[in-house]
**Q** 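Take this structure first; my questions come after.
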Amino acid sequence: MANIRTLKLNLLADTTDFAKGIKKASGQTESFSSSLKSNMKSLAKSAALAGVAVAGMAVAFGVDAVKAALEDEKSQTRLAKALKNTTKATKTQIASVEALISKMQFQYGVADDKLRPAFQRLVQGTQSITKSQGLLQTALDISAATGKDLETVSLALSKAYNGNIGALKKMGIPISDNIVKAKDFNAAMKVVTQTVGGQAQVAADTFAGRMQILSVRFSEFKEGIGYKLIPPLTKLMDYIEGTVVPLLGQ
């Protein structure tokens, strides 16, 4: 009988402990479930906020890209017009100039919106696309060596080509007074080559130069995106002007 009583007591104790364990486990499960729901809500809110932030960044990038493309288009149009007016340039010649500018901007890390005005200065002074192409390289070397603005250097070169060698000497090039008085442009160019030849490439090969080249490449990428966004935006503007605006006026 004692053994049976002991067995009953043990069973009752085990059953009580088992019930307590079930209740405790149930409580922990409910707590975990509640915590999980709370965390999921927080994650959902965070994801929504992140989505809004990403969308906002995308819109801002798109706006900047379109602006960059429009400025690039304006820059190209301005140079093309100058080439036609100055040298009667054909579409093929204008395309060759753009190809040169594109090559130079990636080689030296100088943006095309700086190269185009510089080239325009040169072609207006020389009246020649071919001569201006060679002088643009010289302008890049002088600019890299002296820290002078590329367009300012190009203007000085343009003036020197037309006899004002002093304008080039003011750039810091050690041109003799005899060359200045003789208005000898070829002699001045020899001094320039000896003094600053290759400086643009040297600057491009530095770490800072390589970073600038990357910056130029990113800018070109942005412009490319902007050009792709212009057609649908143009259609939207046409719709607004042709359909929405007339309705508002009724």
Side-chain angles (χ1 to χ4, degrees), residues 57-58 60-84 86-87 89-126 128-158 171 173 189 192-193 195-231:
M57 290 172 63
F61 178 82
V63 171
D64 287 344
V66 170
K67 287 181 179 179
L70 292 175
E71 287 299 318
D72 186 69
E73 184 181 40
K74 188 187 298 183
S75 176
Q76 287 188 44
T77 302
R78 189 182 297 116
L79 177 58
K81 183 62 176 177
L83 292 174
K84 288 179 182 178
T86 307
T87 67
T90 64
K91 290 183 178 180
T92 300
Q93 288 174 315
I94 293 172
S96 70
V97 171
E98 283 294 335
L100 175 68
I101 288 174
S102 179
K103 178 183 177 181
M104 283 185 162
Q105 73 169 344
F106 293 135
Q107 182 176 354
Y108 300 116
V110 179
D112 52 14
D113 60 357
K114 292 184 178 179
L115 289 167
R116 290 192 186 104
F119 193 88
Q120 183 174 332
R121 291 287 190 184
L122 291 169
V123 82
Q124 287 171 339
T126 64
S128 168
I129 290 177
T130 302
K131 291 176 181 177
S132 297
Q133 288 174 335
L135 288 177
L136 183 59
Q137 177 64 62
T138 303
L140 284 165
D141 285 334
I142 295 174
S143 178
T146 64
K148 302 289 185 181
D149 177 75
L150 182 62
E151 188 174 358
T152 301
V153 173
S154 296
L155 178 59
L157 276 170
S158 180
M171 293 287 102
I173 309 299
M189 287 298 98
V192 170
T193 301
T195 306
V196 302
Q199 287 289 344
Q201 189 61 61
V202 170
D205 290 338
T206 63
F207 181 77
R210 290 160 62 190
M211 290 297 292
Q212 185 59 33
I213 291 172
L214 284 176
S215 176
V216 168
R217 287 191 177 278
F218 179 75
S219 295
E220 286 299 298
F221 168 75
K222 183 189 289 187
E223 287 176 5
I225 297 296
Y227 274 114
K228 291 181 180 180
L229 291 174
I230 289 176

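It should be emphasised that the depicted structure is a prediction, and the values quoted were computed from it without experimental measurement.
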**Q** Measure the shortest side-chain to side-chain distance between L140 and L150 over non-hydrogen atoms and say whether it is less than 4.5 angstrom.
**A** yes
**Q** Between D141 and V196, what is the shortest heavy-atom contact and its length?
**A** CB-O, 3.4 Å
**Q** Quick one: does S143's side chain have a donor or acceptor within less than 3.5 Å of a partner on K148's backbone?
**A** yes
**Q** Can you find a pair of side-chain heavy atoms, one from Q93 and one from L83, that are under 4.5 Å apart?
**A** no
**Q** Indicate yes or no: at least one non-hydrogen side-chain atom of Q137 is less than 4.5 angstrom from one of M104.
**A** yes
**Q** Mind running side-chain contact (heavy atoms from CB on, under 4.5 Å) on E98 and R116 for me, showing each step along the way?
**A** CA-CA 8 Å; E98 283 294 335; R116 290 192 186 104; 3.0 Å; yes
**Q** The test is side-chain contact (heavy atoms from CB on, under 4.5 Å); show your working for Q107 and Q201 and say whether it passes.
**A** CA-CA 8 Å; Q107 182 176 354; Q201 189 61 61; 2.8 Å; yes
**Q** What distance do R121 atom CZ and T152 atom OG1 have between them, rounded to the nearest 0.5 Å?
**A** 8.0 Å
**Q** If I take atom NZ from residue K131 and atom OG from residue S158, how far apart are they, to the nearest 0.5 angstrom?
**A** 12.0 Å
**Q** Taking all heavy atoms of I213 and all of F106, pick out the closest pair and write down the distance.
**A** CG2-O, 3.4 Å
**Q** Give the minimum heavy-atom separation between Q105 and D112, together with the two atoms involved.
**A** OE1-N, 3.1 Å
**Q** With a 4.5 Å heavy-atom cut-off, do L79 and I101 have their side chains touching?
**A** yes
**Q** Where the side chain of T146 meets the backbone of I142, is there a donor-acceptor pair that is under 3.5 Å apart?
**A** yes
**Q** Atom CG of L157 and atom CD1 of I173: how far apart are they, to the nearest 0.5 Å?
**A** 8.5 Å
**Q** Quick one: do the E151 and Q120 side chains pair a donor with an acceptor below 3.5 Å?
**A** no
**Q** Looking only at heavy atoms, which two atoms of I129 and V97 are closest? And how far apart?
**A** CG2-CG2, 3.7 Å
**Q** Is the shortest side-chain heavy-atom distance between D72 and D113 below 4.5 Å?
**A** no
**Q** Are the charged groups of E220 and R217 less than 4.0 angstrom apart, N to O?
**A** no
**Q** Should M171 and V153 count as side-chain neighbours, where that means a heavy-atom distance under 4.5 Å?
**A** yes
**Q** Would you give the length of the straight line joining atom OH of Y108 to atom CG of D205, rounded to the nearest 0.5 angstrom?
**A** 9.5 Å
**Q** What pair of heavy atoms forms the shortest contact from A203 to A144, and how long is it?
**A** CB-CB, 4.3 Å
**Q** For a side-chain contact (heavy atoms from CB on, under 4.5 Å) check, start with the C-alpha distance between K84 and I94, then their side-chain angles and the critical distance, and finish with the verdict.
**A** CA-CA 8 Å; K84 288 179 182 178; I94 293 172; 3.7 Å; yes
**Q** Assess whether side-chain contact (heavy atoms from CB on, under 4.5 Å) is satisfied between F207 and M211, documenting all intermediate values.
**A** CA-CA 6 Å; F207 181 77; M211 290 297 292; 3.7 Å; yes
**Q** Is the shortest heavy-atom distance from the side chain of M189 to the side chain of L135 under 4.5 Å?
**A** yes
